[in-house]
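Input: a single structure, listed below in structure tokens.
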Amino acid sequence: MTRSPVPAPHPAGRDPVTDPGSTLWYAEPATDWETRSLPIGNGALGACVFGGVGTERLQYNEKTLWTGGPGSATGYDAGNWRTPRPGALQRVRERIDATGQADPEWVAGELGQPRTGYGAYQSFGEVLLTGLPAATAGADAAAGADAETGGEVEPGDYRRWLDLGTALAGVTYRAAGVRHTREYFVSHPDQVLVARLDADVPGRVGGTVRLLTPDNRAGSCVARDGRITCAGRLTDNGLRYESQLQVLTVGGSRTDHPDGSVSVVGADALVLVLAAATDYAPQHPTYRGADPHPEVTARLDRAVRRGHADLRARHLADHRRLAGRVRLDIGQEPPGVPTDELLRRYRAGVAGPGQRRALEALAFQYGRYLLIASSRPGSLPANLQGVWNHVADPPWSADYHVNINLQMNYWPAEVTNLGETTGPLFDFVDALVAPGEVSARRFFGARGWVVHDETTPYGFTGVHDWATAFWFPEAGAWLARHYWEHYLFGRDETFLRERAYPMLRSLARFWLDVLVTDPRDGALVVSPSYSPEHGPFTAGAAMSQQIVRDLFTSAREAARLVGDDSGFPAEVDAALGRLDPGLRVGSWGQLQEWKHDADDPADTHRHVSHLYALHPADQLDPDRHPDLVRAARTSLRARGDGGTGWSKAWKISFWARLRDGDHAHLMLSELLATSTLDNLWDTHPPFQIDGNFGTTAGIAEMLVQSHHGVLHVLPALPACWPDGSVTGLRGRGDVTVDLVWAGGRPTVITLHTGRSGPLTVRAERLGALTVTDVTTGPTTAGGDPTTPAGSGGDPTTPAGSGAVPVERAGDRFTVDARAGHTYRVTVAAPAGAVPLTGPAAGSQQPTRSR
Ligand code: FUC
């Protein structure tokens with residue numbers, strides 16, 4: 001029996017909820033992981049809080065714990081053909097050329113193969129606390145656990161919560177006259193999970209702590225000096241894992257038990273600190289690094305030395321730095337009811353406008369929170385479930401699907417000011433290059449690299465044989481767009497030179513080698529080409545062509561910026577000149593999904609792949625391509641307003657790009673009402689996190705867009721958010737924007753510019769402008785909307801000590817910005833302005849899709 005001191009407890013019993021507007025909270029413990037547990041995480045490490053009264057479960061994960069890959073019991077080939085298939089690709093191309101299409105089953109027979117050693121993301125285990133104070137049979141029935149101690153949980157007093165602003169989760173309840181409070185966080189700076197249990201009466205904290213480990217591994221758990229160490233190997237692939245949990249007490253006594261558990265009696269407070277790791281390394285072909293034992297030990301020792309108060313302070317500073325950059329006010333009101341009840345009211349259509357907006361604003365911040373919690377530098381990117389998984393066989397292995405899902409995870413990253421979270425994505429994609437080069441040679445005899453429909457941390461870049469989802473060589477190019485976007489937003493020239501450009505060039509080389517001439521018209525096309533995840537194999541499906549065009553265009557621009565004077569830019573130019581752009585208007589006015597006009601107006605498939613040009617790419621602009629944009633709208637209407645969670649999320653962004661704020665909002669409300677679980681996780685179904693990220697990105701897209709050198713504010717504001725404000729959204733060109741709007745039009749636009757040069761802003765319903773350089777003080781008034789830019793006269797009227805050059809042309813104005821300055825633009829109502837009107841929220845009727 002030993003006692004180990006920790007720093008003084010923080011006051012127990014204080015209200016743990018820091019901001020009711022950004023808090024998920026519940027009046028009961030969770031009984032179901034998927035729908036009700038609350039996620040916390042630091043990118044590498046994640047945990048789900050159940051919050052039972054007598055028994056607490058913290059199911060936890062470490063991102064690299066994967067079965068499959070090298071050493072897998074079933075063998076591993078990375079999806080590459082086990083024996084060469086000379087002529088197979090050519091046979092498929094020839095059939096497509098001869099007959100116009102090929103049956104997916106037949107193509108899968110020619111080019112696919114059964115998957116072996118693919119593996120799946122694993123749960124690390126659970127921190128199980130039993131015998132916690134004050135559970136009556138009734139209270140524990142709610143917790144789904146056994147009562148081990150007596151006492152009364154006072155009715156209506158229980159609360160379980162997750163605060164998005166602080167990334168603290170917790171539980172509080174009163175029992176037998178004692179308030180018990182638990183608080184949890186996962187620290188990025190210290191790489192540990194921390195739990196603290198307090199009571200407002202000394203000596204009333206106690207219980208038994210153990211680590212549960214799933215049975216698909218060979219290992220053991222031992223307890224010594226209050227430290228539980230569980231270590232071993234996954235039986236499938238021999239991956240080493242280790243987690244260590246230190247039990248610390250304030251007062252009371254602590255006992256190690258031979259079964260690997262540690263019990264505490266009569267403490268004032270209890271602190272648990274957990275670290276976990278594996279010997280995974282993102283290194284082709286072995287994917288193994290150092291034994292995790294020394295690192296886990298050192299990490300935990302360091303954290304314990306630091307003490308709880310310091311760990312908490314460092315965590316708060318770290319999280320707040322990211323989370324606090326963006327604030328959204330759309331007129332939400334404190335909901336005053338638990339989050340599951342708020343969602344129920346939203347679904348039932350009985351939530352008032354303030355409550356509806358409360359859920360919408362919460363969903364926006366939740367996506368940011370989840371990205372911070374599941375994607376921090378130093379680990380793998382957010383997978384299909386972020387970092388959270390409780391089973392050995394999660395849906396789709398909780399892998400990295402790259403025909404939209406991984407990409408969607410990162411859609412909110414740049415625009416909602418979380419650019420740093422893209423680090424794991426780029427590290428992951430960089431690590432795909434070595435295995436992907438092998439696949440590019442084996443399948444295509446091509447330079448560059450390739451990955452298909454889905455992949456794992458073990459560089460699975462080949463194929464499997466599920467006919468409708470095994471072939472998608474365009475995935476790499478789509479991922480490369482994120483590198484380019486990262487540059488466009490942040491203008492980090494080193495990133496451009498050292499990472500974005502090499503990635504774009506490598507993939508462009510792949511496609512230069514792989515494109516073929518379409519005998520129908522002599523254009524360059526992708527063949528075989530498959531529009532995810534339906535229809536026949538053809539040549540030149542719209543999405544394939546649009547993605548390759550996007551890649552070539554970005555690679556070309558990047559080549560110019562880095563001054564590539566090799567023959568590469570000319571090669572790309574030549575190919576671009578012959579490339580079929582994949583943009584055709586078909587017989588019923590639709591944007592064609594295939595090169596031949598085969599779209600069925602009754603097709604409501606969840607993938608709306610042929611609109612890639614509209615979003616995430618920026619190839620279609622309502623002003624410059626009205627016919628194509630009209631066709632995209634026709635296709636989108638036909639596809640309907642249903643679909644899986646992520647599909648609805650994508651449609652928020654599509655409608656935002658079409659500048660239809662009410663339809664974008666309709667998709668948001670559909671997603672919240674029909675594809676959202678009580679813990680606000682998106683459901684495909686089942687739980688799939690991409691829809692959370694797509695929601696946040698879609699809302700941002702409604703508020704700010706920044707294509708082709710124009711920062712467009714409030715491009716798709718719905719009528720039901722007439723007044724509001726947002727701070728900290730990012731635009732391409734290294735600009736951060738804060739907005740205030742009233743009556744549906746912007747009243748104050750604040751621009752924080754990271755680069756010098758002209759910055760053009762667009763907004764509808766702009767009246768006269770007053771521009772202040774907040775950094776230096778001069779004021780410029782004017783910007784008469786009728787004065788065309790460059791019309792000869794000075795369009796601005798300097799009214800301060802130094803002129804801020806501003807040009808005004810209709811709904812646009814241009815500020816000659818200086819790096820590091822902040823410009824505040826106050827916007828008067830346009831002459832004859834009337835308040836924004838439109839359909840009330842939810843008054844549009846959704847149409848269905850699958
Ligand atoms: C794609 C989608 C499915 C699912 C899976 C993880 O294949 O078509 O709907 O989201 O990824």
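Remember, it's 1-based here, ligands and their atoms both numbered in the order they're listed.
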Self-check item: Distance-minimising heavy-atom pair for Arg657 and Leu614
Solution: NH1-O, 2.8 Å
Quiz item: Looking only at distance, does Asp453 have an N or O less than 3.5 Å from an N or O of ligand 1?
Solution: no
Self-check item: Salt-bridge present (Lys648, Asp682; N to O < 4.0 Å)
Solution: no
Exercise. Give me the ring orientation class for Trp66 and Tyr400: parallel if the planes are under 30° apart, tilted from 30 to 60°, perpendicular past 60°.
Key: parallel
Quiz item: Using 30° and 60° as the class limits, which term best fits the ring planes of Tyr458 and Tyr280: parallel, tilted or perpendicular?
Solution: perpendicular
Quiz item: Going by distance only, is there an N or O of Thr644 that falls short of 3.5 Å from an N or O of ligand 1?
Solution: no
Exercise. Hey, can you tell me if Tyr287 and His284 have their rings parallel, tilted or perpendicular (30° and 60° cut-offs)?
Key: perpendicular
Quiz item: How far is atom 7 (O) of ligand 1 from its nearest protein heavy atom, and which residue and atom is that?
Solution: Glu533 OE2, 2.1 Å
Exercise. Check whether the side chains of Tyr410 and Ser375 place a donor and an acceptor atom closer than 3.5 Å, and report yes or no.
Key: yes
Quiz item: Mind checking whether His607 has an N or O less than 3.5 Å away from an N or O of ligand 1?
Solution: yes
Exercise. Nearest heavy atom to atom 11 (O) of ligand 1 wins, so pick from Leu384, Asn405, Val402, Ile404.
Key: Asn405
Quiz item: Is it the side chain (CB and beyond), the backbone, both or neither of Asn403 that lies under 4.0 Å from ligand 1, heavy atoms counted?
Solution: side chain
Quiz item: atom 4 (C) of ligand 1: which protein heavy atom is closest, and how many Å away?
Solution: His684 NE2, 3.4 Å
